[in-house]
> 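Can you keep this structure in mind? I'll have questions shortly.
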Amino acid sequence: MARSVILGTGSAAPGRVVTNLDLEARLDTSDEWITQRTGIRERRMVEDGGKWSDFMVPACRAALEMAAVAPEELDLIIAGTLTPDMFMPSGGCTLQALLGAKKATGFDVAAACSGFVYGLTIADRFLRADPGMKILVAGGEVISQRLDWEDRTTAVLFGDGGGAAVLTGGEDGERGILSSRIYSDGSLWDLLYLPGGGSQTPYGEGFAKKDNTIQMRGNELFKVAVKSMARACRDALEEAGCGAEDVDLVIPHQANLRIIQTLAGLMKVPMEKVYVNIHKYGNTSAGTIPLALDEAVREGRVQRGSLVLLPVFGGGLTWGAVLLRW
Ligand code: UT7
């Protein structure tokens with residue numbers, strides 16, 4: 001059966017490293033609390049004036065280079081992000097212009113942390129209909145500008161960064177995306193949200209800091225996240241006729257090491273088969289999976305024939321999983 005294949009991956013993050021000790025100095029928190037409760041040791045953040053495309057363009061270029069695909073060959077650019085350079089144009093259009101992807105159509109997927117997995121799923125559907133297409137799927141955020149630096153319950157969790165993958169279709173055989181599942185439950189929106197800037201609370205007079213920063217009910221979100229990702233993994237595996245024991249590497253959304261460990265426990269997958277880089281980047285929202293996938297590929301943890309599972313969850317709520325044979 002013809003499948004959608006990832007030809008190349010790339011990732012990038014801003015150069016400024018912010019450690020837990022740096023956060024201790026500005027918040028009522030500690031390195032010990034952050035490390036024990038989340039697994040995060042440091043994260044990257046843009047400098048003042050830094051923007052999304054500063055690191056997303058290099059991430060996309062690296063993916064194109066690995067794929068040996070020129071920007072002019074791209075037909076479609078799908079960007080999973082809630083923090084593009086501007087509210088309009090979309091991040092997809094910004095990437096199209098900056099990469100020189102002249103014939104590509106660009107758009108964004110608003111699925112918060114699930115943006116990259118949603119993007120892969122959309123790309124897969126396009127490629128099933130038109131296997132000759134070349135598609136760039138990107139995911140990443142500048143989330144540091146959307147944090148309330150007086151709220152220790154969110155400020156310590158996130159970081160900036162992202163990655164990308166170049167896909168095409170039509171390869172016969174085992175290789176490629178075997179199954180992909182995406183889900184939403186909008187009734188759970190208030191577990192994680194960013195209230196301002198939409199039509200309900202437009203920018204302008206009376207716009208409060210709370211409106212421009214991430215609001216979260218972390219404890220409840222933790223439980224929903226684990227259950228929903230486990231369900232999505234089960235569905236994706238079932239659709240492909242695979243079992244959890246067949247998976248060579250799980251590359252999950254990096255929101256909290258304890259969430260990842262609990263998910264692995266539920267799936268009965270040993271942690272040796274789970275890729276973790278949250279200690280270096282924190283939660284980069286739609287950036288976590290493409291960043292981790294690219295690192296895993298470049299480190300040789302993902303090799304030709306590896307069965308790789310990508311589970312995610314995020315604001316919306318949104319969640320899903322992609323299963324692919326590398
Ligand atoms: O991409 C999706 C984005 N979000 C998530 O995935 C978040 C999911 N949730 C989580 O990761 C966890 O719920 C958190 C890491 C956010 C919190 O961990 P927790 O183990 O659920 O802690 P908690 O909220 O139950 O808080 C425990 C204590 C509280 O103090 P008291 O009430 O026990 O005195 C908090 O006030 O820890 C306190 N606390 C902190 N202490 C030091 C909360 N944040 C901090 C902090 N430093 N940064």
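Every number for a ligand or one of its atoms is a count from 1 in the order of the listing.
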> Nearest protein heavy atom to atom 5 (C) of ligand 1, by residue and atom, and its distance?
Leu221 CD2, 3.7 Å
> Of all the non-hydrogen atoms in the protein, which one sits nearest to atom 8 (C) of ligand 1, and at what distance?
Gly218 O, 3.5 Å
> Starting from atom 47 (N) of ligand 1, locate the nearest protein heavy atom and write down its residue, its atom name and how far away it is, to 0.1 Å.
Thr29 OG1, 2.6 Å
> Looking only at heavy atoms, is any part of Val156 under 4.0 Å from ligand 1, and if so is it the side chain, the backbone, or both, or is it neither?
side chain
> Check this for me - ligand 1, Ser30, N or O atoms closer than 3.5 angstrom, yes or no?
no
> Please determine whether any non-hydrogen atom of Ala225 lies less than 4.0 Å from an atom of ligand 1.
no
> Check each atom of ligand 1 against the heavy atoms of Ala255 and keep those under 4.0 Å away; list them by number with element.
1 (O), 6 (O)
> Is it true that a side-chain atom of Gln215 and a backbone atom of Lys210 form a donor plus acceptor pair closer than 3.5 Å?
yes
> Is there a nitrogen or oxygen of Leu157 sitting under 3.5 Å from a nitrogen or oxygen of ligand 1?
no
> Check whether any protein heavy atom sits under 4.0 Å from atom 29 (C) of ligand 1.
no
> With atoms numbered from 1 as shown, which atoms in ligand 1 lie under 4.0 angstrom from a non-hydrogen atom of Arg37?
19 (P), 20 (O), 22 (O), 27 (C)
> Going by side-chain contact (heavy atoms from CB on, under 4.5 Å), Ile34 matches just one of Thr19, Val156, Leu21. Which one?
Val156
> Could you tell me whether a side-chain N or O of Asp211 sits under 3.5 Å from a main-chain N or O of Pro195, the two making a donor and an acceptor?
no
> Any side-chain to backbone donor/acceptor pair from Arg325 onto Gly305? Under 3.5 Å, distance only.
yes
> May I ask you to identify the nearest protein heavy atom to atom 48 (N) of ligand 1, giving residue, atom name and distance to one decimal place in Å?
Arg152 O, 2.9 Å
> Please check: side-chain N/O of Arg16 versus main-chain N/O of Val46, any donor-acceptor pairing under 3.5 Å?
yes
> For a quick test of reading the model, state the closest non-hydrogen atom pair linking Phe55 to Glu141 and the distance between them.
CZ-O, 3.3 Å
> Looking only at protein heavy atoms, identify the closest one to atom 3 (C) of ligand 1 and say how far it is in Å.
Asn283 ND2, 3.5 Å
> Identify the protein heavy atom lying closest to atom 39 (N) of ligand 1, giving its residue, its atom name and the separation to 0.1 Å.
Trp33 CZ2, 3.4 Å
> I'd like to know if atom 32 (O) of ligand 1 has any protein heavy atom within a distance of less than 4.0 Å.
no
> Is there a donor-acceptor pair closer than 3.5 Å between any side-chain N or O of Asp108 and the backbone N or O of Gly80?
no
> Checking a contact table here: which protein heavy atom is nearest atom 4 (N) of ligand 1, and how many Å away?
Met216 SD, 3.2 Å
> Going by distance only, is there an N or O of Thr38 that falls short of 3.5 Å from an N or O of ligand 1?
no
> Given Leu191, Asn256, Val226, which has its nearest heavy atom closest to atom 14 (C) of ligand 1?
Asn256
> Would you verify whether the NZ or CZ of Arg26 falls within 45 degrees of the ring axis of Trp149 while also being under 6.0 Å from that six-membered ring's centre?
yes
> If we set the cut-off at 4.0 Å for heavy atoms, which region of Asn219 has an atom near ligand 1: side chain, backbone, both, or neither?
both
> Check ligand 1 against Arg258 and write out every atom of the ligand that is under 4.0 Å from a heavy-atom position of the residue.
18 (O), 19 (P), 20 (O)
> Less than 4.0 Å from atom 18 (O) of ligand 1, is there any heavy atom belonging to the protein?
yes
> Strictly distance-based, threshold 3.5 Å: is any side-chain N or O of Asp75 a donor or acceptor partner for the main-chain N or O of Lys134?
yes
> For the backbone of Thr121 and the side chain of Asp124, can you confirm whether one donor and one acceptor N or O come within less than 3.5 Å of each other?
no
> Keeping Glu24 on the side-chain end and Asp31 on the backbone end, is there a donor-acceptor pair under 3.5 Å?
yes
> Please work out, at 4.0 Å between heavy atoms, whether the side chain, the backbone, both, or neither of Leu27 comes within that distance of ligand 1.
neither
> Pull out every atom of ligand 1 sitting under 4.0 Å from any heavy atom of Phe313, numbered as shown with elements.
2 (C), 6 (O)
> Ignoring hydrogens and geometry, is there a side-chain-to-backbone donor-acceptor pair from Asp248 to Leu307 under 3.5 Å?
yes
> So, for Pro58 and Ser53, which heavy atoms are closest and what is the spacing to 0.1 Å?
CD-O, 3.9 Å
